[in-house]
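Residue numbers count from 1 along this sequence.
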Amino acid sequence: MTDIKKRGRIAASRNVCVIPEFLEQPDVERLARVLFAIAQKRAKQADHRKEDVMT
C-alpha cells in the first residue's frame, strides 16, 4: 500500500528555503515602503497590547 500516491495538497510545508536576490541597484522606494509598512504594523500591535493591558 505504500506505492499508492497521495492525492491533494500536503498538510503543512515547513521546509521552505528562501534565496535572496542581490541587485546592483536595489529599488530604494520599494524597500522604504516595506520598512514603513513593518513599522506601522509593529506600532498597531503595540497599541493593541497597551489596550489589552489597560482593560
Side-chain angles (χ1 to χ4, degrees):
M1 289 195 99
T2 58
D3 295 338
I4 299 173
K5 291 185 178 182
K6 295 181 180 179
R7 298 181 74 178
R9 203 180 295 189
I10 58 175
S13 178
R14 295 187 181 128
N15 297 333
V16 177
C17 182
V18 177
I19 301 171
E21 179 180 340
F22 296 103
L23 304 174
E24 288 188 29
Q25 293 183 351
D27 189 359
V28 178
E29 289 181 15
R30 180 193 261 173
L31 181 61
R33 285 194 305 260
V34 169
L35 293 174
F36 188 70
I38 292 170
Q40 281 183 327
K41 184 175 181 180
R42 293 189 71 176
K44 283 183 182 179
Q45 288 175 345
D47 288 341
H48 288 295
R49 287 187 194 136
K50 286 181 184 176
E51 290 176 2
D52 290 342
V53 170
M54 295 177 97
T55 56

What do you reckon, is CD of Glu29 surrounded by more than 12 foreign heavy atoms closer than 6.0 Å?
no
Would you call Ile19 and Glu21 a side-chain contact if the rule is heavy atoms closer than 4.5 Å?
no
By the rule that ILVMFWY residues connect when side-chain heavy atoms come within less than 4.5 angstrom, directly or transitively, which residues belong alongside Ile38?
Val34
